[in-house]
Amino acid sequence: FIEQIVSGATAAVEYAVSRGVCDKDRCAVGGHSYGSFMTAHLLSHTSLFSAGIGRSGAFNRTLTPMSFQSEDRSIWEARDTPVFR
C-alpha cells in the first residue's frame with residue numbers, strides 16, 4: 001500500500017513539475033475520507049510535500065474492524081480488538 005501511493009504521488013509530482021504547474025519545493029497534498037488516510041501516509045513516508053490537509057479521515061482502524069482492508073470478521077467475531085477491552 002505505502003509503496004503504491006508513494007510511487008503514484010511521485011509520478012504525479014514529477015509530471016506536474018515537468019509541465020511547469022508545480023514548484024517541487026512548495027507542493028501540497030490533500031484528501032477526504034480514505035484520501036485523508038492516504039495524505040497522512042504520504043506526509044509521513046515521503047518528503048514530496050511541504051504541507052497537507054486531511055479531512056474526515058478514518059485513522060483508527062481498530063474502530064472499524066469489519067469491511068476495511070478485507071476484514072472478514074463481524075464486529076462480534078473481532079473480540080480481540082481494542083473496542084472490547
| Ignoring hydrogens and geometry, is there a side-chain-to-backbone donor-acceptor pair from Ser7 to Glu3 under 3.5 Å? |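 No: the side chain of Ser7 does not pair with the backbone of Glu3.
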
| query | Is the side chain of Thr39 donor-acceptor paired with the backbone N or O of Gly31 at a distance under 3.5 Å, no angle test? | reply |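 Side chain of Thr39 to backbone of Gly31, a donor-acceptor pair under 3.5 Å: yes, one is there.
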
| task | Would you please name every residue forming a side-chain contact (heavy atoms from CB on, under 4.5 Å) with Thr10, sequence neighbours left out? | result |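 Only Val6, Glu14, Leu48 meet the side-chain contact (heavy atoms from CB on, under 4.5 Å) criterion with Thr10.
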
| said: List the residues meeting side-chain contact (heavy atoms from CB on, under 4.5 Å) with Ala16, not counting sequence neighbours, and say none if there are none. | reply: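 In terms of side-chain contact (heavy atoms from CB on, under 4.5 Å), with neighbours along the sequence ignored, Ala16 is linked to Val21, Cys22.
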
| request: State which residues pass ring pair (Phe, Tyr, Trp, His ring centres under 6.0 Å) with His45; sequence neighbours excluded, sorted by chain then number. | output: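 In terms of ring pair (Phe, Tyr, Trp, His ring centres under 6.0 Å), with neighbours along the sequence ignored, His45 is linked to His41.
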
| task | Could you list the residues that satisfy salt bridge (charged side-chain N to carboxylate O under 4.0 Å, His left out) with Arg19, not counting sequence neighbours? | result |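 Result, salt bridge (charged side-chain N to carboxylate O under 4.0 Å, His left out) vs Arg19: none returned.
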
| request: Using the test salt bridge (charged side-chain N to carboxylate O under 4.0 Å, His left out), find all partners of Asp25 that sit at least two apart in sequence or belong to another chain. | output: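 Testing Asp25 for salt bridge (charged side-chain N to carboxylate O under 4.0 Å, His left out), a comparison that skips the adjacent residues, returns none.
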
| request: For residues 32-55, pull every pair meeting salt bridge (Lys or Arg N to Asp or Glu O under 4.0 Å), keeping only residues two or more places apart or in separate chains. | output: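 Applying salt bridge (Lys or Arg N to Asp or Glu O under 4.0 Å) to every pair that reaches into residues 32-55, excluding sequence neighbours, yields nothing.
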
| task | Flag yes if Ile53 and Ile5 sit in one hydrophobic cluster, no otherwise; membership is Ile, Leu, Val, Met, Phe, Trp, Tyr, and two members link when side-chain heavy atoms are under 4.5 Å apart. | result |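 No, Ile53 does not connect to Ile5 through the hydrophobic network.
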
| Is Phe49 reachable from Tyr15 through a run of I, L, V, M, F, W or Y residues, each pair having side-chain heavy atoms under 4.5 Å apart? |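 Different clusters: Tyr15 never reaches Phe49 through Ile, Leu, Val, Met, Phe, Trp or Tyr contacts under 4.5 Å.
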
| message | Nearest 0.5 angstrom please: Ser56 OG to His32 NE2, how far? | response |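 Taking OG in Ser56 and NE2 in His32, the distance rounds to 4.5 Å.
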
